[in-house]
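Shown next, in structure tokens, is the structure this report addresses.
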Amino acid sequence: AYHMTLSSSMEDYLEAVLVLRKQSGYARCVDVAAYLQVTKPSVSRAVKELIKAKYLCKDSSGILALTSQGEQVATAVYERHCFFTEKLLAAGVDPQTAEKEACRMEHGISEASFHKLKDA
């Protein structure tokens with residue numbers, strides 16, 4: 001099977017689909033573009049890649065869904081995102097900064113280190 005190492009922006013796309021589906025029950029390319037504040041062509045490009053790599057699927061009406069491996073990645077990234085946002089807020093960082101920095105931290109940490117942090 002074609003397997004790609006996901007870049008942090010690819011992880012962001014999967015996470016966006018997860019969050020949008022939680023929020024509104026569905027996610028389309030336009031929704032993802034708006035959510036991530038990126039252009040529609042860049043979403044289309046990423047989505048094509050992610051479908052090819054079996055992380056995403058798209059139905060005839062353009063609704064995006066995560067495959068089980070996509071779901072795994074998205075859930076892990078989202079969990080880290082929430083964890084870091086919470087910790088930063090608790091430490092007194094303002095919400096906007098916390099949100100932005102959690103976004104960077106969620107990609108920069110290994111699974112192993114994250115579990116150690118979480119259990120600390």
Side-chain angles (χ1 to χ4, degrees):
Y2 169 69
H3 187 79
M4 62 176 181
T5 318
L6 290 171
S7 65
S8 54
S9 69
M10 289 297 190
E11 288 184 347
D12 281 337
Y13 285 109
L14 294 174
E15 186 189 16
V17 173
L18 180 78
V19 171
L20 288 163
R21 288 185 78 101
K22 276 188 205 294
Q23 282 174 356
S24 48
Y26 63 89
R28 297 161 314 184
C29 286
V30 287
D31 307 313
V32 173
Y35 179 81
L36 291 174
Q37 299 177 319
V38 291
T39 63
K40 190 129 182 305
S42 48
V43 176
S44 303
R45 253 200 318 274
V47 163
K48 251 190 218 100
E49 281 291 299
L50 289 163
I51 289 172
K52 201 166 84 186
K54 308 258 187 285
Y55 286 100
L56 270 185
C57 44
K58 188 159 104 178
D59 71 13
S60 54
S61 55
I63 304 287
L64 300 169
L66 295 158
T67 61
S68 60
Q69 66 167 347
E71 184 92 36
Q72 249 174 337
V73 173
T75 306
V77 175
Y78 185 63
E79 187 192 2
R80 294 200 288 259
H81 183 96
C82 295
F83 176 83
F84 288 123
T85 305
E86 222 166 277
K87 290 278 182 242
L88 290 166
L89 290 172
V93 176
D94 72 275
Q96 233 179 343
T97 308
E99 194 54 43
K100 248 204 311 272
E101 293 181 346
C103 259
R104 289 205 290 271
M105 293 162 90
E106 72 195 28
H107 302 298
I109 189 168
S110 70
E111 204 50 50
S113 300
F114 177 63
H115 284 296
K116 288 199 171 76
L117 255 188
K118 231 176 56 177
D119 301 335

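None of these values were measured; they are calculated from a predicted model.
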Yes or no on salt bridge (Lys or Arg N to Asp or Glu O under 4.0 Å) for K116 and E111, after CA distance, side-chain angles and deciding distance? CA-CA 9 Å; K116 288 199 171 76; E111 204 50 50; over 6 Å; no

Apply the test side chain to side chain contact (heavy atoms under 4.5 Å, CB included) to residues T97 and L88: give CA-CA distance (whole Å), side-chain angles for both, the deciding distance (0.1 Å), then the verdict. CA-CA 9 Å; T97 308; L88 290 166; over 6 Å; no

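Put simply, the side chain of R104 reaches to within 4.5 Å of the side chain of E101, judged on heavy atoms. For the pair F114 and F84, the minimum side-chain heavy-atom distance is below 4.5 Å. For the pair D31 and S24, the minimum side-chain heavy-atom distance is 4.5 Å or more. Under the 4.5 Å side-chain criterion, counting only non-hydrogen atoms from C-beta, L14 is not in contact with V77. Counting only heavy atoms from C-beta outward, the side chains of L89 and E86 never approach each other to under 4.5 Å. Two residues are said to be in side-chain contact when any heavy atoms from C-beta on lie closer than 4.5 Å; V32 and Y13 meet this criterion. In this structure, the side chains of E11 and R80 come closer than 4.5 Å at one or more pairs of heavy atoms. Side-chain contact check for T85 versus E99: some heavy-atom pair is nearer than 4.5 Å.
To the nearest 0.5 Å, atoms SG (C57) and CD1 (I63) are separated by 11.5 Å. In this structure, L20 CG and L64 CG are separated by 9.0 Å, a value rounded to the nearest 0.5 Å. With rounding to the nearest 0.5 angstrom, the CG atom of L117 is 8.5 Å from the NZ atom of K87. The OG atom of S44 sits 6.5 Å away from the NZ atom of K58 when rounded to the nearest 0.5 Å. In this structure, NZ on K48 lies 9.0 Å from SG on C29, to the nearest 0.5 angstrom.
The minimum heavy-atom distance between E106 and C103, with the atom names listed, is CG-O, 3.2 Å.
Counting only distance, with no hydrogens or angles, the side chain of S42 and the backbone of T39 share a donor-acceptor pair below 3.5 Å.
There is no path of hydrophobic side-chain contacts, each under 4.5 Å, that joins I109 to Y78. Hydrophobic clustering, with ILVMFWY side chains joined whenever heavy atoms are under 4.5 angstrom apart, groups L50 together with V19. Note on Y55: it does not cluster hydrophobically with Y26, by side-chain heavy-atom contacts below 4.5 Å among ILVMFWY residues. Note on V38: it clusters hydrophobically with L18, by side-chain heavy-atom contacts below 4.5 Å among ILVMFWY residues.
Only one option out of V73, T75, T67 pairs with E71 in a side chain to side chain contact (heavy atoms under 4.5 Å, CB included); it is T75.
For S9 and D12, the side-chain atoms include no donor-acceptor pair closer than 3.5 Å.
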